[in-house]
Amino acid sequence: MRKYLIFGIIYFLLLSACSKQDTTASKADKFVNDLMSKMNLQEKIGQLNQCTSRWEMTGPAPKNDNIQNQLDNIKNGKVGSMLNVNGASETYEAQKLAVENSRLGIPMMFAYDVIHGYKTMFPIPLAEASSWEPEMAKLSAEVAAKEASAAGLHWTFAPMMDVGRDARWGRVMEGCGEDPYLASIFSLARVQGFQGDDLSDDYTIAACAKHFAAYGFSESGRDYNTVDIGSYTLHNIVLPPFKAVANSGVATFMNSFNIINGTPATANKYLQRDLLKGEWKYEGFVVSDWGSIEEVAYHGAAKDLKKAAERCLNAGSDMDMESDAYLPYLKELVAEGKVDENLIDDAVRRILKIKYKLGLFDDPYKYSNPEREKERIYNEENRSAARKVAKRSMVLLKNNRQILPLSKEIKSLAIIGPLANDKDVPLGSWRAKAITNSAVSLLEGVKAAVSPNTKINYAKGCDLTVGERSFLQELTYNNNDRSEFSEAIKAAKQSEVVLLTIGEDCWQTGEARSQTDIQLKGLQMELFHAIRKVNKNVVVVLMNGRPIAIPELAEKADAILETWFAGSESGNAIADVLFGDYNPAGKLTMSFPRNVGQCPIYYNHMKTGRPTPSGNVFWSHYTDAPNTPLFPFGYGLSYTNFTYSQVKIDKESYQLNESIKLSLLLSNTGKYEGEEVVQVYIQAPSASFARPVKELKAFKKIKLAVNEERKIIFELNQKDLGYYSPEGEFLFESGDYNIYVGTNSQEVQKIVVSFIQ
Ligand code: BGC
């Protein structure tokens with residue numbers, strides 16, 4: 001009886017939650033329909049226009065460079081959204097122009113690239129993914145949204161969910177790495193963090209799933225380059241994260257710069273209208289990327305801007321970011337019968353609904369609150385969250401002789417390297433409103449952690465770059481100035497252990513930062529060799545935003561800690577790990593190649609018809625390097641040891657509708673409490689279509705005390721084991737499946753299961 005009562009209560013609660021949602025939805029529809037009935041065509045087109053403010057540039061020069069003209073447009077209801085305006089009073093002033101002057105007073109939506117923090121910087125997204133804890137990405141997005149919403153922002157252009165297989169591409173720092181399953185889980189967490197449960201809360205903002213689609217596959221890793229992938233890769237690797245967030249209510253999508261199957265993504269009807277808004281029934285809106293409507297003509301897929309506007313609107317690009325294509329041409333195109341006014345209505349309705357959900361029609365200024373801005377931004381609470389996420393994002397790549405963790409009582413420590421006392425690089429690229437030079441440097445973090453008796457010998461050794469560094473400029477590397485080497489060598493000689501902090505400048509990564517060489521730039525390796533000659537205890541602390549080729553370091557350094565660009569609290573978080581206050585548990589989500597020639601390199605590759613050595617040269621390999629990466633996907637060490645035993649499945653064969661229950665015993669056999677990311681991969685050795693050698697399908701991060709052991713159980717069903725045909729049809733087939741479980745994508749135990757029809 002009690003059971004029925006509980007069931008009844010749950011049913012009632014669910015019903016009332018659903019009907020509450022329905023009422024809100026219908027209220028929104030009614031409001032938007034009423035408003036649209038008052039709008040003329042020009043006002044509707046205005047809603048589809050997004051322009052940048054003069055304050056900041058995140059692309060080439062603004063299209064509409066006439067400020068007076070832009071102000072007039074805002075006042076006349078010809079701007080639906082602005083990007084790059086930020087700050088409570090700035091957004092207030094801009095909003096006032098629209099609300100007080102335009103005929104219908106429709107508020108604008110303010111957007112900004114809040115990628116890994118607004119002012120309090122969290123680790124770059126690639127780093128956060130290395131935590132294998134979606135909760136960390138959620139927390140980081142939540143704090144970013146709290147800060148951004150207090151600065152008048154309504155909308156972030158994040159998360160980026162482009163699968164990145166090529167370390168040459170500078171934007172891999174913005175994503176989750178090479179795996180679509182991880183990208184789905186992390187993107188869902190980020191969307192949840194940004195948007196919360198209600199967009200109208202004053203601490204949530206709308207998220208944007210980008211870049212739709214396949215931008216991560218730019219040929220040879222060169223940004224903005226052509227993409228040429230088959231529909232099999234599109235459906236199985238590129239689209240799953242987008243589908244996941246579309247289904248979970250992400251407010252907006254952004255399309256991408258690249259072509260796909262010969263059609264620029266921005267003008268791609270299949271992607272935007274047929275798939276996203278059709279098959280997936282997506283209700284939010286799609287914004288173009290910066291100038292990507294105009295670029296349709298540069299790709300050679302439209303003769304001019306007007307034709308590009310026609311193609312893109314018809315294809316389902318709802319909002320025009322910085323091409324100034326919709327505003328001047330859509331009216332004409334409707335009159336000429338080339339664009340159906342219903343499609344414009346559809347785009348406007350989508351945009352107004354998001355504005356409604358944000359609560360902008362109740363109070364257009366609700367996010368622009370200077371008091372809240374002061375209180376909420378860059379406070380202690382946010383910084384401590386940033387430190388928590390940062391330490392959990394680091395990956396221990398090597399630890400010979402258990403040189404780490406270091407004792408806080410160590411007598412002397414050399415802190416060397418161009419990035420050792422750098423307070424800017426750890427903030428990373430895409431840093432929104434981070435204060436230049438505001439990160440805790442490694443030197444500061446270590447000094448705060450060690451005993452007062454520890455002698456710190458600091459020497460930079462060399463600079464990484466020379467001249468100006470900025471978001472807009474190319475960098476020049478220091479290849480000649482060795483004048484500070486001798487001091488560094490002296491510091492190394494006088495110390496028990498050296499912490500050598502090297503890597504990339506943060507402006508080597510991010511948009512438009514592709515590289516053909518992913519080794520350490522400048523004199524850094526030379527410095528490493530010079531230091532190692534005089535001190536054999538070298539712990540390398542890496543700061544970088546992409547996988548880098550470091551075979552020599554991997555061989556010769558004693559320990560390597562990958563810290564990525566760890567954000568505002570970088571130095572403190574690194575010290576937490578180096579001195580064992582936190583036992584590192586991060587794992588790589590992108591393979592580290594041995595050299596750039598292996599790129600793109602990724603664990604979930606196809607098998608080839610000649611996969612294994614054949615006794616002569618005629619098999620798929622390189623003659624000058626192994627096929628395997630230096631560090632594989634899923635790899636990362638701990639200060640303790642974990643052993644896997646009793647790997648079992650509950651049956652040997654299953655019906656197609658049954659789930660596999662996989663269990664194993666995980667034991668902490670080392671000397672420290674620690675966390676392990678248990679990873680489960682699958683492979684179908686004989687499917688209708690050739691399948692990858694491994695695919696991640698589940699993982700759990702488990703914390704165990706010393707000597708503790710725990711039974712871990714995973715369930716896998718047809719949703720996990722199936723895949724998409726090149727036509728996008730989901731298939732789940734009977735037959736054998738290899739299930740792999742282990743500590744990374746290479747070190748696994750295998751078990752075979754059969755599915756019978
Ligand atoms: C990038 C987008 C970004 C936009 C606005 C573009 O260049 O590709 O990811 O959101 O600029 O800053």
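Both counts, for ligands and for their atoms, begin at 1 and track the order of listing.
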Return the orientation label for the Phe242 and Phe253 ring planes: parallel under 30°, perpendicular over 60°, tilted otherwise.
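Phe242 and Phe253: tilted rings.
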In terms of relative ring orientation, are Tyr92 and Tyr365 parallel, tilted or perpendicular, with 30° and 60° separating the classes?
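Geometry flag for Tyr365 against Tyr92: tilted rings.
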With a 3.5 Å cut-off and no angle check, do the side chains of Ser568 and Thr120 form a donor-acceptor pair?
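No, no side-chain donor-acceptor pair sits under 3.5 Å.
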Please tell me whether Gln50 and Glu322 have a donor and an acceptor in their side chains that are separated by less than 3.5 angstrom.
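Glu322 and Gln50 do not have a side-chain donor-acceptor pair below 3.5 Å.
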What are the atoms of ligand 1, with element, lying closer than 4.0 Å to any heavy atom of [X]?
{"X": "Asp289", "answer": "1 (C), 2 (C), 3 (C), 4 (C), 6 (C), 7 (O), 8 (O), 11 (O)"}
{"X": "Lys210", "answer": "2 (C), 3 (C), 9 (O), 10 (O)"}
{"X": "His211", "answer": "2 (C), 8 (O), 9 (O)"}

So is Phe257 in contact with ligand 1, going by heavy-atom distances below 4.0 Å?
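It does; at least one heavy atom falls under 4.0 Å.
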Select the closest option to atom 12 (O) of ligand 1 among Val287, Thr156, Asp113, judged by heavy-atom distance.
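Considering heavy atoms of Val287, Thr156, Asp113, the nearest to atom 12 (O) of ligand 1 sits in Asp113.
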For ligand 1, does [X] get within less than 4.0 Å through its side chain, its backbone, both, or neither, judged by non-hydrogen atoms?
{"X": "Met160", "result": "neither"}
{"X": "Leu83", "result": "side chain"}
{"X": "Glu174", "result": "neither"}

Give the minimum heavy-atom separation between Gly117 and Ala144, together with the two atoms involved.
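Nearest pair, atom of Gly117 first, then Ala144: CA-CB, 3.8 Å.
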Does NZ or CZ of Lys433 come closer than 6.0 Å to the centre of the six-membered ring of Tyr118, within 45° of the ring's axis?
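Not flagged: Lys433 not positioned over aromatic ring of Tyr118.
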Checking Lys210 against Trp430: charged group under 6.0 Å from the ring centre and within 45 degrees of the axis?
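Lys210 over Trp430 ring: yes.
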Is the closest N or O pair between Asn84 and ligand 1 shorter than 3.5 Å?
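Between Asn84 and ligand 1, no N or O pair is found under 3.5 Å apart.
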